[in-house]
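First comes the structure, then the notes that go with it.
In what follows, chains carry the letters A, B, and so on, assigned in the order in which the sequence lines appear, proteins first and then strands, with residues in each chain numbered from 1.
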Amino acid sequence: MTNALVNGNTGLESRFDSMNLSRSAYVPPHMRSSQRAASSPSPSPSPAPSRNGWNDSRGGAPSSRGGFSDRGRGGNSFTNNRVAGGGQGWGERSTSQNWSASPREQPKDNQMFGYGAWKDGQHVVGGRNMRMEKEIYGEADDPSKQHTGINFEKYDDIPVEATGADVPDPVTSFTSPPLDPVLLENIGYARYTIPTPVQKYSIPIVANGRDLMACAQTGSGKTGGFLFPILSASFTMGPRAIPSEPNGYGGRRRATPTALILAPTRELVSQIHDEARKFAYRSWVRPAVVYGGADISQQIRLIERGCDLLTATPGRLVDLIERGKISLANIKYLVLDEADRMLDMGFEPQIRRIVEGEDMPGVHDRQTLMFSATFPRDIQMLAKDFLKDYVFLSVGRVGSTSENITQKFEYVEDNDKRSVLLDILNSHSNESLGLTLIFVETKRMADMLSDFLIQNQWHATSIHGDRTQRERETALQTFRNGQTPIMVATAVAARGLDIPNVTHVVNYDLPSDIDDYVHRIGRTGRAGNTGVSTAFYNKNNKNIVKELVELLREANQEIPGWLEVSAHEASFGGSFRGRGRGRGRSGGRDYRTGGGGGWW
DNA sequence: AAAAAAC
């Protein structure tokens, strides 16, 4: 049966506004509101600037090539044409032209508008390119482009602990120095105002040549946390001296990136790449991205045109290294993002091969930054092998332990889940522009549930690993821009993805790992905004009930009585899967400091 | 047990 709304439904009912009689029959008409997509001011934010867009300005380049052309459509990233390079890299890094930093002095037909170069040991900054700025930074009022960090002040509440030898003092604002002035301008274009706690520490840590091990999630501003210091130093210092074999490998030049970022999922690397494009603007650094499921020859063409900061999933990168298209000999900066997740997914062999088994400079000849939500033993081993004298940064949870996310629980048997879900969607539909992300455990369930929702007149889509990359990208795009404000997802979307405006996360199926739960609800309430999460609990979820209750208590959430009872029963009923499984639930701590016996 | 990821 459906013991609905156990944890209260505070005030939602009083806020519905419009009506929609085409809705499912589960809720009386007065509780229905119009489909969110329909009320969205602009379902497809900017009508493709492509064709006669700036591709034309560079002399008739095929628009499929650069990929900028596609991106205007949904405001976001994923299209097959934009597999690598972000459309950048026309011409070599050191062209003979002498660019001026001042836009007024740029020749009008300069095809390098927006791109800089490194020439004779100097950073030659490219002129501004307004079309490109609109493209990569978005319109100020485009919600799908909006950066999540609206309530930045709230970041000050996030506790940060830095340990290690001689930890540099954190910065308090974006300034030059220590940041390169060009980067500072780009940060301004991207409308970032105040550094997040991770960024405050990572900027001076990297600037001082130190390695970093950070326990933090994506919502903490971690992407900027590694992009800012790496790009800043790159702008100022230039690339590593090109080794002896710059050309002629397989007839073409091999890409020799200065910075490499590894992340577990395709969507995540694409998202990081989008950020990289913002901050590399007008500089000599050409960002590129490679991942599986997309046409590899297209990616090869693009990295050949410029690949200084490469974001990659491990499998595709290994493939490209084997094909001789990428050399890591020039790497100065290595980032492992979501390291625990990558190990969970079995990437360790590929990662070790990339870092230790190819031509990447050794640990003392590069700077390495590792990010991980947790710090279990296998990550510690990786840190021991990949990092040197690192600073350990522990960043408090942005979501769960703060009160930004209201966590509701409902006792729902499996057979009742669909019906309860419709109830919930209806009662939330008045929050007009918010997005709803629904997590299920299996790919099959993701398909079935999204079909079911569509049958019930909801604009829903789904994302999971059995869909083609194309479908995944489309799903994410229409979700972000509000055309399908409901997305059913498997674990593929659980971590790392930064989707602004997700106001509601539904754990239709609870995960069996408490960390997964934390990551999932962390898709809402991003960056200090508030969000709601609803979880369907039943007897099949007893394996995490104890940890759930602990978590709720920590986060100052209301705990339904029946949930506490269930937790109490579980602690006697044998089947506890102890906390000692090698993984603390909190962000982790620096085991080097001793600190009186960790929990692993 | 399922999910993710190279072809």
When A:His504 is tested against each of A:Thr524, A:Thr406, A:Thr534 for side-chain hydrogen bond (donor to acceptor under 3.5 Å, both in side chains), which residue passes?
A:Thr534

Given atom CD of A:Gln299 and atom P of B:dA5, what is their separation to the nearest angstrom?
13 Å

Once you round it to whole Å, what is the distance between C1' of B:dA1 and CG of A:Asn540?
13 Å

Is the distance from OP1 or OP2 of B:dA5 to the nearest side-chain N or O of A:Arg341 less than 4.0 Å?
no

Do A:Phe409 and A:Trp562 have their ring centres less than 6.0 Å from each other?
no

With the side chain of A:Phe347 defined as its heavy atoms from C-beta on, choose the nearest nucleotide among B:dA6, B:dA1, B:dA5.
B:dA5

Atom-to-atom span, CG of A:Asp340 to P of B:dA4 - whole angstrom:
17 Å

Salt-bridge present (A:Asp414, A:Lys417; N to O < 4.0 Å)
yes

Nearest-Å distance, CG (A:Asp509) to P (B:dA3)?
11 Å

Closer than 4.0 angstrom, basic N to acidic O: yes or no for A:Asp466 and A:Lys443?
yes

Specify the separation, in whole Å, of atom CD of A:Gln469 and atom P of B:dA4.
11 Å

Given B:dA4, is OP1 or OP2 found less than 4.0 Å from the side-chain N or O atoms of A:Arg467?
no

N-O pairing of A:Arg352 and A:Glu348 below 4.0 Å:
yes

Using atom CD of A:Glu322 as one end and atom C1' of B:dA6 as the other, report the distance to the nearest whole Å.
9 Å

Think A:Thr313 has a side-chain N or O under 4.0 angstrom from the OP1 or OP2 of B:dA6?
yes

Check the distance between B:dA2's P and A:Asp344's CG and give it to me in whole angstrom.
17 Å

Rounding to an integer number of Å, can you tell me how far A:Arg444 CZ sits from B:dA4 C1'?
19 Å

Under 3.5 Å, is there an N or O donor on one side and an acceptor on the other linking the side chain of A:Ser512 and the base of B:dA1?
yes

Below the 4.0 Å mark, does B:dA4 have OP1 or OP2 next to a side-chain nitrogen or oxygen of A:Thr490?
yes

